Structures are given as structure tokens and as C-alpha cells.
There are 2 protein chains.
Amino acid sequence: MPSKPLAGRLPEPPSPIADDGDETRFCGTCAFSSACIAAGYDKPELAELQCLVEHVGPFRAGEHIFRTGDPFRAIFAVRAGTVKTRMVDKEGREQVLGFYLPGEVIGLNAIYPEHFPCDAVALDTAYFCRFSFPAMSALASRIPAVQQHLFRMLSKELGTASLLAGDHSADERVAAFLMDLAGRYAVRGFSATRFHLSMSRGDIANYLRLAAETVSRVLSRFRSQQLIEIEGRELELLNPKKLREIGQALLPE
Amino acid sequence: MPSKPLAGRLPEPPSPIADDGDETRFCGTCAFSSACIAAGYDKPELAELQCLVEHVGPFRAGEHIFRTGDPFRAIFAVRAGTVKTRMVDKEGREQVLGFYLPGEVIGLNAIYPEHFPCDAVALDTAYFCRFSFPAMSALASRIPAVQQHLFRMLSKELGTASLLAGDHSADERVAAFLMDLAGRYAVRGFSATRFHLSMSRGDIANYLRLAAETVSRVLSRFRSQQLIEIEGRELELLNPKKLREIGQALLPE
DNA sequence: AGGATGCCTTGATCCGGGTCAATTCGCACG
DNA sequence: CGTGCGAATTGACCCGGATCAAGGCATCCT
């Protein structure tokens with residue numbers, strides 16, 4: 001069954017929203033929060049972090065945050081909403097690289113080429129913190145915790161990228177995908193067993209290198225096996241243990 | 001036909017060897033050379049770079065440079081020889097993550113987890129420069145070029161990792177693999193049309209998420225189509241243009 | 001309201017590449 | 001100098017998931 005309306009698709013983001021923060025208290029759920037805490041909220045460097053960050057948005061579903069080929073000047077932390085990144089080859093085939101939830105960071109893969117190698121597209125109404133990268137790396141030079149944080153984020157993304165590459169069955173991929181999302185929501189303090197899928201079946205399938213029909217079939221089977229409850233894009237994990245087991249080959253630890 | 005002997009498998013590495021360098025002139029083909037040059041060879045910082053680097057090796061074919069779970073203390077630049085990195089899941093299935101040629105760097109994916117998430121195994125006799133990572137990041141704080149170089153390497157590896165993930169035919173994968181190797185040899189100043197494959201068909205297949213038999217078949221077909229000449233592990237690219245065309249979806253640019 | 005559109009689901013069919021198997025070759029080793 | 005073992009090649013067969021097709025059900029437009 002198709003999705004039910006959420007809230008009439010209004011300005012306010014339907015998915016979990018990260019703490020907005022104010023001048024002195026920086027977004028609590030942001031990917032940089034740990035770096036900030038390590039640096040110490042009272043340190044003068046924090047003032048600089050405030051300087052190099054800029055709140056942008058809202059972007060509506062389908063709008064681009066950046067496009068392939070745009071010169072790389074900044075990275076973006078998702079403040080609210082969901083984003084997919086994708087490459088489009090010259091035959092027009094789309095390739096979804098990843099989905100990003102509140103608190104996560106996009107644009108890191110543009111450092112090397114110095115131009116964005118992919119598009120970033122909002123899946124629902126989304127807000128961001130924009131970090132000037134030159135300013136950021138200058139700051140990283142002076143605050144080891146910031147530098148380390150950047151290294152860690154890059155290295156982490158490297159780890160997840162290589163997991164997807166393995167040859168795994170459709171069941172493994174879908175189960176791992178659901179558990180991965182659940183874990184990421186949990187880290188940010190949201191429910192790990194009930195959440196909304198902001199992306200279409202087609203996007204999920206593309207990301208997992210499957211056909212949309214296959215994703216649909218697997219989800220239907222998982223439902224009939226009492227592993228999940230799903231109605232449109234509203235999802236509940238009924239048996240996370242079993243799901244983790246199925247997807248274990250694709251999951252960390 | 002299987003491989004022909006190269007040089008009797010003796011201490012000296014059979015594959016291209018990077019410039020060994022001495023106290024003041026650091027390995028010319030090393031991945032860090034550009035950072036060094038940017039910093040200036042005469043700068044006192046270079047002395048520190050000399051301090052934090054340590055030449056290790058030789059490792060013989062099959063020996064581990066590091067193992068899954070080892071605490072992360074250093075990254076390694078390949079000085080000579082070839083390395084594969086791989087993960088082994090708990091069912092014992094191997095997953096090849098990448099091959100590394102002289103001048104390239106392994107271990108970056110360990111920064112985040114702080115333990116190596118994979119094994120690194122020498123494919124032939126191999127030598128390395130070992131860079132203490134704490135020292136390296138301390139240096140990165142003081143020399144922007146070093147920091148930027150680390151960022152770039154991480155970001156670059158991120159880009160290549162996501163290419164493999166796409167769903168592509170066996171022909172595309174194999175062609176792209178060969179052209180990628182050719183390009184990487186060319187960058188380091190080696191022949192881009194004739195080179196030795198240090199890895200087995202099985203490793204290639206595993207890396208490309210194919211069966212060894214499929215790789216073998218594709219190579220045979222490429223040979224019958226006059227695209228390559230191959231005997232055992234000695235390879236010559238007869239029609240790089242066509243190969244690039246076949247593999248374009250997986251290749252940069 | 002009526003029609004168009006996009007997303008999702010489900011069924012039927014097909015094919016690329018995996019799996020199994022046999023053979024050959026080269027090399028290490030007793 | 002066999003002998004055994006691993007890597008590579010080639011053939012025969014099969015299966016998971018892609019593709020094609022049809023139908024349902026929302027939302028959006030006019």
C-alpha cells in the first residue's frame with residue numbers, strides 16, 4: 001500500500017529534526033558536536049566555529065543542495081530532513097551513493113577532486129549547516145580535535161562504502177539497510193524500531209544495487225515473516241535481532 | 001597458461017620499485033612526495049617527516065603487513081611490491097578491498113575504528129614506509145600541505161570505493177580494472193600498456209565481485225577480440241581506447 | 001469530477017554469471 | 001623423477017534477481 005500523508009507536506013520537516021542550537025550552544029546532534037565538546041564550549045575557538053558555519057535551507061524535496069561539477073567550497077551537516085547523494089553517468093543512469101540523516105555530513109568526497117563528484121538532493125524538507133572548508137581546515141590545524149574529527153568522518157565513510165561493494169543476496173542487503181538506518185537513528189536519539197523511510201523504493205533499490213521490484217518483494221516477504229511491519233514508508237522493526245542476523249555480513253562489528 | 005617465472009623469486013622485488021631515497025631526498029614516487037615538495041625540501045619540518053617514517057620490509061608473498069583487529073598506530077606507503085587488503089567474515093569468506101601499488105598508501109580506513117578493519121597481505125616481495133599516525137597528524141597540524149594531503153588521499157579512496165559498488169557487467173568490470181591499473185602504473189612512471197598482474201585470477205574476481213571463472217572467460221574473450229595479449233600474469237593492452245570505452249562507467253572522468 | 005502521473009506491488013519470463021566438474025600446466029617437494 | 005597441489009581454463013548446467021507487464025492506489029492538475 002502506498003504511503004499515507006504525513007502532515008500535509010508543509011514547511012516544517014516531517015522527519016526528526018536536530019537541535020537547532022543558538023549562538024553559544026551549537027547543534028547538539030550535529031556530527032561536529034563531539035569535536036566541539038572536545039575543544040571545550042568555552043574556548044575562544046568555538047567562536048570561530050560559529051563564524052565559519054552558516055545555516056542554510058529550507059530545501060524542498062527534489063531540490064539540489066549541490067550538483068556534480070560545482071566547485072568544492074564547503075561541506076554540509078544535515079540539520080533536519082534527509083538527503084541522497086547520487087551520480088548520473090552520461091547515459092543518464094542514476095547511481096545512489098548514500099542517504100544522510102540529521103547530524104550527518106555530506107560533501108567529504110569532494111575534497112580530492114575539488115569539485116563535487118555527485119549531486120545532493122533533498123528527499124524531504126531539509127536544513128543544513130554549511131561549513132566553509134578552507135576555514136574548516138584552517139581551524140583543524142589549530143584544534144587537533146577538529147582535525148581528528150574530519151579524519152574520522154572520512155575514514156568512517158570509507159568503511160561503509162566498502163561494505164556495500166560485497167556480493168550479497170537481496171535479503172542480506174535489505175535487512176542490513178534497515179538495521180543500518182535503525183542504528184543511525186538510534187545514535188542521534190531517535191527511535192530505532194519505528195521510523196519513516198524518506199526515500200522511495202526505487203532509491204533504496206538503486207542504492208542497494210537491486211531492482212525496485214526486488215526490494216518490494218523482499219519487504220513483502222519480511223512482513224509475511226513477521227520481521228517488520230510496513231505500510232507505505234512507515235516502518236516498524238518487529239524482530240531486529242533476526243534482521244541483524246540476516247544482514248550481519250554487511251553490518252559493522 | 002600459468003605465470004612464467006620472473007626473476008626466480010629472489011629478495012629483490014620483481015615488480016617496479018619506487019625510488020628508495022636517502023636521508024635528505026625522500027622517496028620520489030611516494031604518495032607523500034607532493035606534500036613534501038609543497039612543504040619545501042629545505043624546511044626543517046622535513047627532518048620531522050624523516051623522523052616519523054620508518055622503512056620496513058621485506059615482506060614475502062602471503063605475509064601480513066597488518067591484521068584485522070590490530071591497533072591502529074601507523075599508515076604504510078608501499079615502497080615496492082604489491083599488496084591486497086581484505087576482510088574475512090566470520091564464515092571465513094574473503095572479501096578483497098583493494099590492491100596497492102608502489103607509491104600508494106594503506107591503512108587509512110583504520111583511522112575511525114582505531115583498529116585495522118582488514119588484513120593487508122603482500123602479493124609479492126614488498127617494502128614499505130611506515131608512518132606513525134599520531135606523529136603524522138601532529139605534523140599535519142603544523143604543515144597545511146600535509147594535512148591537505150591526508151584529506152585528499154582519504155577523499156580519493158572514498159571516490160574509488162563507491163565506483164566499485166555500482167551494478168555493472170563482468171566486461172565493464174574487468175575492462176575498468178585493467179585500465180585503472182594501467183593508469184596507476186602510468187602515474188608512477190611505469191609502462192601503461194605492459195605490466196605484470198601480481199594478483200591471482202581469484203583475487204581479481206573477488207575484488208570485482210565476480211567468480212574466478214568469469215574473469216578467466218572475459219580475459220580469454222578480450223584476447224580473442226585483440227583487446228589484450230595475456231599469458232599467465234603478463235599482460236599487454238593492445239587496444240586501451242576500446243577497453244576504456246567498455247569500462248567507462250566505472251572509470252573516473 | 002475526471003484524467004494524468006508517480007509509486008508500489010505482484011506475477012511471468014528470461015538471462016548473466018555462479019556453481020560444479022573435468023582437464024591442463026607449472027612448480028615445489030620428497 | 002614422479003607426485004601432489006594450486007592456479008587457470010573451458011564446458012555444462014542452473015538459479016537469483018532483472019526485466020517486462022499489468023493493476024491498484026495515492027496525489028496533483030485542470
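All values below were derived from every heavy atom in this structure, side-chain atoms included, with hydrogens, water molecules and symmetry-related copies excluded. Naming: A, B, ... by sequence-line order, numbering from 1 per chain. Computed from a prediction, not measured in an experiment: that's the story for all the values here.
Although no hydrogens or angles enter the test, the distance criterion places no donor-acceptor pair under 3.5 Å between the side chain of A/Asp119 and the main chain of A/Arg67.
Between B/Ile230 atom CD1 and C/dC25 atom C1' there is a gap of 16 Å when expressed in whole angstrom units. Spacing between atom CG of A/Asp171 and atom C1' of D/dC15 amounts to 14 Å, rounded to whole angstrom units. The nearest whole Å value for the distance from the CG atom in B/Asn206 to the P atom in D/dA8 is 13 Å. When the C1' atom of C/dT9 is taken as reference, atom CZ of A/Arg221 falls 14 Å away, rounded to whole Å. With rounding to whole Å, A/Arg223 atom CZ is found 12 Å from C/dT10 atom C1'. Between B/Arg233 atom CZ and C/dG26 atom P there is a gap of 15 Å when expressed in whole angstrom units. Rounded to whole angstrom, the span from the CG atom of B/Leu208 across to the C1' atom of C/dG16 amounts to 16 Å. Distance B/Arg173 CZ to C/dG17 P: 9 Å, rounded to the nearest Å.
With sequence neighbours excluded, no residue forms a side chain to side chain contact (heavy atoms under 4.5 Å, CB included) with B/Ser216. Take B/Tyr112 and apply the ring-ring contact (aromatic ring centres under 6.0 Å, His included) test, not counting sequence neighbours, and it matches no residue.
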Under-3.5 Å N/O pairs linking protein and nucleotides 18-21 of chain D:
{"from": "D/dA18", "atom 1": "OP1", "to": "A/Arg209", "atom 2": "O", "distance (Å)": "3.4"}
{"from": "D/dA18", "atom 1": "OP1", "to": "A/Ala211", "atom 2": "N", "distance (Å)": "3.2"}
{"from": "D/dA18", "atom 1": "OP2", "to": "A/Ala211", "atom 2": "N", "distance (Å)": "3.0"}
{"from": "D/dA18", "atom 1": "OP2", "to": "A/Thr214", "atom 2": "OG1", "distance (Å)": "2.4"}
{"from": "D/dT19", "atom 1": "O4", "to": "A/Arg217", "atom 2": "NH2", "distance (Å)": "3.0"}
{"from": "D/dC20", "atom 1": "N4", "to": "A/Glu213", "atom 2": "OE2", "distance (Å)": "3.2"}

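The pair A/Arg60-A/Asp124 does not meet the salt-bridge criterion, since no charged nitrogen lies less than 4.0 angstrom from a carboxylate oxygen. Ion pairing between B/Glu236 and B/Arg223 fails under the 4.0 Å rule for side-chain N and carboxylate O.
For B/Ser220, a side-chain nitrogen or oxygen approaches OP1 or OP2 of D/dT10 to under 4.0 Å.
Closest to the side chain of B/Ala170, from the set C/dT9, C/dG17, D/dT10, is C/dG17.
Aromatic ring pairs are classed by plane angle as parallel below 30°, tilted from 30° to 60° and perpendicular above 60°; the pair A/Phe99 and A/Phe177 is perpendicular.
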